[in-house]
2 protein chains.
Amino acid sequence: MASRSPQKKKRPPIRESVYEHLKAEILSGHLDPGRKLTEEHLAKTLGVSRTPIREALYKLDSEGLIKPRNKRGFIVSGDSRDEVEELFELRSILEGYALRVISQTISEEILGQLKGFIQNAEEALKKNKIEEVFKWNTQFHDSLHELIIKKARLYRLIVNIRKYVLRYRKDTLRYPDGGRRSVEDHKKILMALRLRDPDLCERIMREHIQEAREDALLSLFEKPSGFK
Amino acid sequence: MASRSPQKKKRPPIRESVYEHLKAEILSGHLDPGRKLTEEHLAKTLGVSRTPIREALYKLDSEGLIKPRNKRGFIVSGDSRDEVEELFELRSILEGYALRVISQTISEEILGQLKGFIQNAEEALKKNKIEEVFKWNTQFHDSLHELIIKKARLYRLIVNIRKYVLRYRKDTLRYPDGGRRSVEDHKKILMALRLRDPDLCERIMREHIQEAREDALLSLFEKPSGFK
DNA sequence: TTATAAAAAATTGGATACAAAATGGCTTCC
DNA sequence: GGAAGCCATTTTGTATCCAATTTTTTATAA
């Protein structure tokens, strides 16, 4: 144990920093859809060589965040209405099934935690603190996801998609009634979990996410004025 | 018209050939799980530079077919029992939902085609031509998948996972009754589609794939003798 | 002015070169 | 004999270089 260095002196590879950076830029909306990404430009901007840039771009491509244009670099994927719809649809399938599984194993303790998150969100709602509502709602979902971490692929899929659509959800809550309905849904989910009824759980979660989908589509594609 | 070349003289990139090659090797079982893959060795073996090798390896990693070992290259992912179970579980979720969607839009013409595939499989079954049964069963599923090609992400997910587990399915049919049961299931699926009952469709497809899962697990982890 | 074609510029794909990190074996000391 | 430390080897990570391809620009002619 003398030779084992106590602290890990591993620098993360540059390609990963680049990947995280670009991903954050895209998901935050800082890089608009349609934006052209060329290897050399990125390399110069970020001060690294093209090699790690390329590897990051390929990874982003495989996740669908950017699209290759034959030999003309990449562009940031636009979110067409259809694509957004499909993302929410996928979420509803996967998280619906996840809740079915969870309903069969969840403990009283976790149920209590979930109840707490809902109450917190409800209080924040009364005070009209939208950010807080969002925070507690996120906590609610994250806690559920943790319960299926053993199903690694399902978990990864859900978390990835969720990250991807997160940017749409914040707006959603701002819509009149959006926050309240969201909290109501979570109550229903909790109830279904308490009943430990797998079919009901799956159906309710699907409905919940489909509802979020409608709100997201509304806020995305039917903005009153200056969009994009 | 002089400048426009009549035939596309696009060579596919080497990284894709490498990717396809390695993927095939892994899925066919030619590369055993646990096998070590180093960039340089692969480069020398395949006669290309490390660059396309790396890009292929990263892609395989993102699909879970190989795993990075800190700084010690990659190894071919083993399929633990849990992982195989989860793959089939995911398939059952996704394809179940896909069938639900399909049931609402499928045409009489396609229904006729599906019926044909089933009959072909049935005849092959009578003649004990396992390869043929497998072929027609695959055709049956592929035809269904084509119907959701518009939902690009769902389609890609399904096709990818299906490719991944394909290697287990061939064995499955060899099991006594495996082929017959499979064809019976397809008949049930067709019936549910004819009824255009979304709930029934989803449930039946899930059951069908869960059944295939059981067979695969049996053939994988309870082989009578010399395995691996 | 417009269309066409050739040349120039930009950009990716692949190969190679070099540096850093990790492992494995070897030596040495107790 | 065993353990600790050091050196050589292996292998990845990044940069740079060259070739191929595509786009854009420019020049020329109708």
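Convention: sequence-line order gives letters A, B, ...; per-chain numbering from 1.
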May I have the distance from [X] (atom [atom1]) to [N] (atom [atom2]), rounded to whole angstrom?
X     : N      : atom1 : atom2 : value
B:L57 : C:dG14 : CG    : C1'   : 15 Å
B:E40 : C:dA15 : CD    : C1'   : 13 Å
B:R72 : D:dG13 : CZ    : P     : 12 Å
B:K36 : D:dT12 : NZ    : P     : 8 Å
A:L42 : C:dT11 : CG    : C1'   : 12 Å
B:I53 : D:dG13 : CD1   : P     : 14 Å
B:L37 : D:dT11 : CG    : P     : 12 Å

Legend entry - B:Q104 atom CD, neighbour heavy-atom count above 12 within 6.0 Å: yes
Inset, instruction - Would you indicate whether A:R69, at its atom CZ, is surrounded by more than 12 heavy atoms from other residues, nucleotides or ligands within a distance under 6.0 Å? - result: no
Legend entry - Qualifying residue, where the test is side-chain contact (heavy atoms from CB on, under 4.5 Å) with A:V18 and the options are A:L60, A:L57, A:I53: A:I53
Legend entry - Qualifying residues under ring pair (Phe, Tyr, Trp, His ring centres under 6.0 Å), relative to B:Y97, sequence neighbours excluded: none
Inset, instruction - Keeping the roles fixed (side chain from A:S92, backbone from A:Q210), state whether a donor-acceptor pair exists under 3.5 Å. - result: no
Legend entry - Under 4.0 angstrom between A:Y58 side-chain N/O and C:dT12 OP1 or OP2: no
Legend entry - Gap separating the SG atom of A:C201 from the CD1 atom of A:I102, nearest 0.5 angstrom: 8.5 Å
Could you run down the sub-3.5 Å N/O contacts of the protein with nucleotides 14-17 of chain D?
{"residue": "D:dT14", "atom": "OP1", "partner": "A:I14", "partner atom": "N", "Å": "2.4"}
{"residue": "D:dA15", "atom": "OP2", "partner": "A:S49", "partner atom": "N", "Å": "2.6"}
{"residue": "D:dA15", "atom": "OP2", "partner": "A:S49", "partner atom": "OG", "Å": "2.6"}
{"residue": "D:dA15", "atom": "O5'", "partner": "A:S49", "partner atom": "OG", "Å": "3.4"}
{"residue": "D:dA15", "atom": "N7", "partner": "A:T51", "partner atom": "OG1", "Å": "2.7"}

